[in-house]
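Here is the structure we will look at.
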Amino acid sequence: MWNRSISLPTRKVTEQNENGFRKERWEFICGIPASLKDATRQDEIVGNQSGYQASVIAELMACNYNGGSFFVDETTGDVYDIRRVFRPDKSMMVQLTGERRERGTI
């Protein structure tokens with residue numbers, strides 16, 4: 001059923017080093033089982049009408065989704081901004097439509 005795993009952010013932590021410079025980093029919940037598939041033509045059309053480019057659909061258990069704004073594919077390291085959240089009726093699953101970010105930006 002699951003073909004990959006993703007990481008979802010929990011909170012942003014601000015740290016200060018010994019020189020007084022601030023550095024922000026995210027803390028993640030890792031190893032969330034998910035099923036990732038390419039966006040369908042319909043998803044691409046809806047995305048283009050709404051001003052984004054749908055890259056991937058991640059389906060996971062609704063209890064694992066914490067309302068985050070992005071997720072990380074642990075297999076490839078790609079970061080996706082969540083543009084659409086859909087929960088089918090009478091389902092325990094949630095579908096996240098993601099738009100791929102530029103490489104290396106979290």
Side-chain angles (χ1 to χ4, degrees):
M1 180 173 188
W2 312 116
N3 62 3
R4 299 226 184 122
S5 62
I6 63 171
S7 297
L8 289 169
T10 56
R11 66 185 181 131
K12 192 181 236 183
V13 178
T14 303
E15 299 173 336
Q16 191 170 1
N17 65 9
E18 62 276 355
N19 296 328
F21 293 103
R22 290 181 152 176
K23 182 179 180 183
E24 295 180 339
R25 67 176 176 83
W26 285 96
E27 290 185 354
F28 291 91
I29 299 173
C30 299
I32 298 171
S35 178
L36 269 68
K37 58 186 177 183
D38 293 332
T40 63
R41 183 71 182 141
Q42 183 66 29
D43 294 324
E44 291 177 359
I45 290 170
V46 170
N48 287 335
Q49 290 173 348
S50 300
Y52 65 90
Q53 184 175 1
S55 303
V56 69
I57 306 294
E59 187 173 37
L60 60 143
M61 296 295 291
C63 62
N64 290 329
Y65 179 59
N66 60 0
S69 61
F70 68 94
F71 66 90
V72 179
D73 180 358
E74 293 180 351
T75 305
T76 62
D78 291 335
V79 180
Y80 296 92
D81 286 316
I82 298 172
R83 299 298 185 187
R84 180 175 175 259
V85 178
F86 176 69
R87 185 169 180 184
D89 290 338
K90 298 180 183 177
S91 175
M92 295 174 57
M93 309 294 279
V94 65
Q95 295 176 352
L96 309 175
T97 302
E99 178 181 26
R100 187 185 326 261
R101 278 192 193 173
E102 285 293 321
R103 190 98 176 132
T105 57
I106 289 186

Find the distance between CZ (Arg4) and CG (Asp73) and round it off to the nearest 0.5 Å.
4.5 Å
Could you report the tightest heavy-atom contact between Ala58 and Leu36, atom names first, then the distance?
CB-CD1, 4.0 Å
Tyr80 vs Phe71 aromatic rings, parallel, tilted or perpendicular, using cut-offs 30° and 60°?
parallel
Thr97/Tyr52 under side-chain contact (heavy atoms from CB on, under 4.5 Å): CA gap, chis, key distance, verdict:
CA-CA 10 Å; Thr97 302; Tyr52 65 90; 4.1 Å; yes
Look up atom OG in Ser35 and atom CD in Glu59, then write down how far apart they are to the nearest 0.5 Å.
6.0 Å
Exceeds 12 heavy-atom contacts within 6.0 angstrom, atom CG of Asn19
yes
Test log, rule side-chain contact (heavy atoms from CB on, under 4.5 Å), inputs Met61 and Met93:
CA-CA 4 Å; Met61 296 295 291; Met93 309 294 279; 3.4 Å; yes
Does a salt bridge link Glu15 with Arg22, judged by any charged N lying under 4.0 Å from a carboxylate O?
no
Rounded to the nearest 0.5 Å, how far does CD of Glu99 lie from CD of Gln53?
6.5 Å
Here the pair of heavy atoms bringing Tyr65 nearest to Val85 is OH-CG2, 3.6 Å
If you look at every heavy atom in Leu8 and Asn64, which pair is closest and at what distance?
CD1-O, 3.4 Å
May I ask you to check whether over 12 heavy atoms, not counting those of Asp38, lie within 6.0 Å of atom CG?
no
With rounding to the nearest 0.5 Å, note down the distance linking OG in Ser55 to CG in Asp81.
9.5 Å
Which atoms form the tightest heavy-atom contact between Ala39 and Ala54, and what is the distance?
CB-O, 3.7 Å
Inter-residue atom distance Gln95.CD - Asp43.CG, 0.5 Å rounding:
8.0 Å
Starting from the C-alpha separation in whole Å, work towards a yes-or-no answer on side-chain contact (heavy atoms from CB on, under 4.5 Å) for Phe70 and Arg101.
CA-CA 9 Å; Phe70 68 94; Arg101 278 192 193 173; 3.6 Å; yes
CD1/Ile29 to OG/Ser7 distance, rounded to the nearest 0.5 angstrom?
9.5 Å
Taking all heavy atoms of Lys12 and all of Glu24, pick out the closest pair and write down the distance.
NZ-OE1, 3.3 Å
Strictly distance-based, threshold 3.5 Å: is any side-chain N or O of Arg41 a donor or acceptor partner for the main-chain N or O of Ile45?
no
Apply side-chain contact (heavy atoms from CB on, under 4.5 Å) to residues Leu96 and Val94 and explain how you reach the verdict.
CA-CA 7 Å; Leu96 309 175; Val94 65; 4.3 Å; yes
Minimum heavy-atom distance between Pro9 and Asn66, given as atom pair plus value
O-ND2, 2.9 Å
Given the rule that I, L, V, M, F, W and Y join up when any side-chain heavy atoms are under 4.5 Å apart, are Ile57 and Ile82 in one cluster?
no
Non-hydrogen side-chain atoms of Arg25 and Glu27 separated by less than 4.5 Å
yes
